[in-house]
Protein chains: 2
Amino acid sequence: MAMKTDNAAQTEKTDRRVGWKQAPDDVRANILDTAQKEFAENGFSGARVDAIAARTKTSKRMLYYYFGNKEQLYLEVLRASYQEVRTAEQSLNLETLAPDDAMRQIVRFTVNHHVANPDFIRLVMIENIHHGRFIRQLNEIQELNAGAIRSLEKIYKAGCAAGLFRKDIKPIDIHWLISALAFFSVSNQATFGWLFEKYLTGARADLADSLGEDIVLRFLANHG
Amino acid sequence: MAMKTDNAAQTEKTDRRVGWKQAPDDVRANILDTAQKEFAENGFSGARVDAIAARTKTSKRMLYYYFGNKEQLYLEVLRASYQEVRTAEQSLNLETLAPDDAMRQIVRFTVNHHVANPDFIRLVMIENIHHGRFIRQLNEIQELNAGAIRSLEKIYKAGCAAGLFRKDIKPIDIHWLISALAFFSVSNQATFGWLFEKYLTGARADLADSLGEDIVLRFLANHG
DNA sequence: CTCGTAATGTACTAATTAGTTAATTTAGGA
DNA sequence: TCCTAAATTAACTAATTAGTACATTACGAG
């Protein structure tokens, strides 16, 4: 769970300080980790700086020492969370698969990943509540996501060439669809699950899982 | 915009009080309306009672007089918002249409409706952030939504009988899919729109609009 | 060994915020 | 017309909360 920190201003100093009892790197990571949980659980205004401090190994003073203020701490949490997620995405190896199998794999991976990382989903929800005011300050993130589109495009084009997929779709729309299905299945679990509880037998995630692949592949299929 | 109030304890008293300068019904409605905007914009903890009061025609004291406290006011806002939305849904007349056209109509209506009511979407997002803690206290809402499933089921069964739709789908899954597409297109506009801004030409809503119908009908189609 | 600086703990403050107190006005029925 | 209860106002309070001042400790360079 502890996430590696690589804040530019900090590293070259801390690297030299081997064997300290005072461990700024660990303290920083510990604060970030705790803050992520608090922000994901309660939102930006709902999160309490004191609550974060209380759950860290250190004090509130350190939180301000390392991150300046609540907003900057939140920004660092957001940055770290996105980085973690997109790194995981790149570990997927789809080169050897047939285009339709690869597409299935992407859907399955995305749903599973979202289900396994509800805190990340919650942070994205919170961002949207804030009209993306914070994420807009993190330009690096925009580039991380371009990679996802490129690899999707490769698979889509291969599928078109193989006659498996229809040719009138934009890769971004495929990505949009997969995101919508995977995201919604986690983000709206509380309300949807409760509103329609008598219609839902198993767990909410399963529904979007096998269903998700079906929806995406029928959307892309070259028949009809 | 002003929404009709029908709080049991209040009505029989206020109905008799015709011609007052003091208009408790209007004041109540005015508070609810203002509160909805503030809660939808800032969430439960982000919303400020003082901010609501300031934008009302009346004072903060009245807000407590009519609603007790912040949480109960929020609950009333949530109840009123859901009621408003589901009422609109029932105005749709689909009996005369062919099943596939009716289904298309539902998708189109749902997307348009969500796009036109971002404050409602935001309230649902906020509920989910709170794990549905508040909505769970409003049992009436659960029943409102059962109607949506029933009318969808009718259309689906007609489509199956006419050989248009495959027969292995549960109506709740169709509803889930339509909700996911319509909801996501509004709820994640800020982050998705910004992350992929270079891939997106037109407005975000249009994408899910024609696309939405396509996705749902291909999912249901009886070919392949 | 001692001096300077980064790291840390304790105790505080100023501002905000949900909620209240107590007095005042409005209107309709007796 | 006067009495009662609902409706309203303005000023207040207690608690919470982000952020800080200041003293102290750990370390490593010289």
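- For the salt bridge (charged side-chain N to carboxylate O under 4.0 Å, His left out) test, residues two or more places apart in sequence or in another chain that qualify with B:E140 are B:R79.
- A salt bridge between A:K37 and A:D119 is absent, with no side-chain N of the basic residue lying under 4.0 Å from a carboxylate O of the acidic one.
- Shown for residues 44-51 of chain A: no residue has heavy atoms falling under 4.0 angstrom of DNA chain C.
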* Applying side-chain hydrogen bond (donor to acceptor under 3.5 Å, both in side chains), run through A:Q105 and A:E213 and close with a yes or a no. => CA-CA 8 Å; A:Q105 198 79 333; A:E213 297 170 41; over 6 Å; no

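- Remark: C1' of C:dG19 and CD1 of B:I52 are 13 Å apart, rounded to the nearest angstrom.
- Counting to the nearest Å, the P atom of C:dT16 and the CG atom of B:N42 are 16 Å from each other.
- Against DNA chain C, the stretch residues 127-136 of chain A makes no heavy-atom approach under 4.0 Å.
- Taking each heavy atom of A:I135 and B:W194 in turn, the nearest pair found is O-CH2, 3.3 Å.
- The phosphate of D:dT20 (OP1 or OP2) has no side-chain N or O of A:Y65 nearer than 4.0 angstrom.
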* To do: Go through A:E71 and A:R133 one step at a time and tell me if the salt bridge (Lys or Arg N to Asp or Glu O under 4.0 Å) criterion holds.
  => CA-CA 11 Å; A:E71 178 159 342; A:R133 175 186 136 210; 3.1 Å; yes

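- Shown here are the side-chain hydrogen bond (donor to acceptor under 3.5 Å, both in side chains) partners of A:Y74, two or more places apart in sequence or in another chain: A:E127.
- Note on A:E38 versus A:R48: no salt bridge recorded, every NZ/NE/NH1/NH2 to OD/OE distance being 4.0 Å or above.
- Side-chain contact annotation: A:T191 with B:N128, donor-acceptor N/O pair under 3.5 Å present.
- For A:F184 and B:W176, the ring centers sit closer than 6.0 Å to each other.
- One atom, OH of B:Y64, and another, P of C:dT17, lie 12 Å apart when rounded to the nearest Å.
- When all heavy atoms of B:L75 and B:Q137 are compared, the pair lying nearest together is CD1-OE1, 3.5 Å.
- For the pair A:S81 and A:Q36, the tightest heavy-atom approach, listed with the atom from each and the gap, is OG-NE2, 2.9 Å.
- For B:H131 and A:E41, the side-chain atoms include at least one donor-acceptor pair closer than 3.5 Å.
- As rounded to whole Å, 12 Å separates atom P of C:dT20 from atom CG of B:L63.
- Within residues 67-74 of chain B, the residues that have a heavy atom under 4.0 Å from DNA chain C are, in order of number, B:N69, B:K70.
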Protein and nucleotides 9-14 of chain D: nitrogen or oxygen contacts under 3.5 angstrom:
unit_1: D:dT9; atom_1: OP2; unit_2: B:T58; atom_2: OG1; d: 3.1

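- If you take CG on A:N30 and OG1 on A:T56, they are separated by 6.0 Å, rounding to the nearest 0.5 Å.
- Applying the 4.0 Å criterion to OP1 and OP2 of D:dT8, one finds that B:Y66 has a side-chain N or O inside that range.
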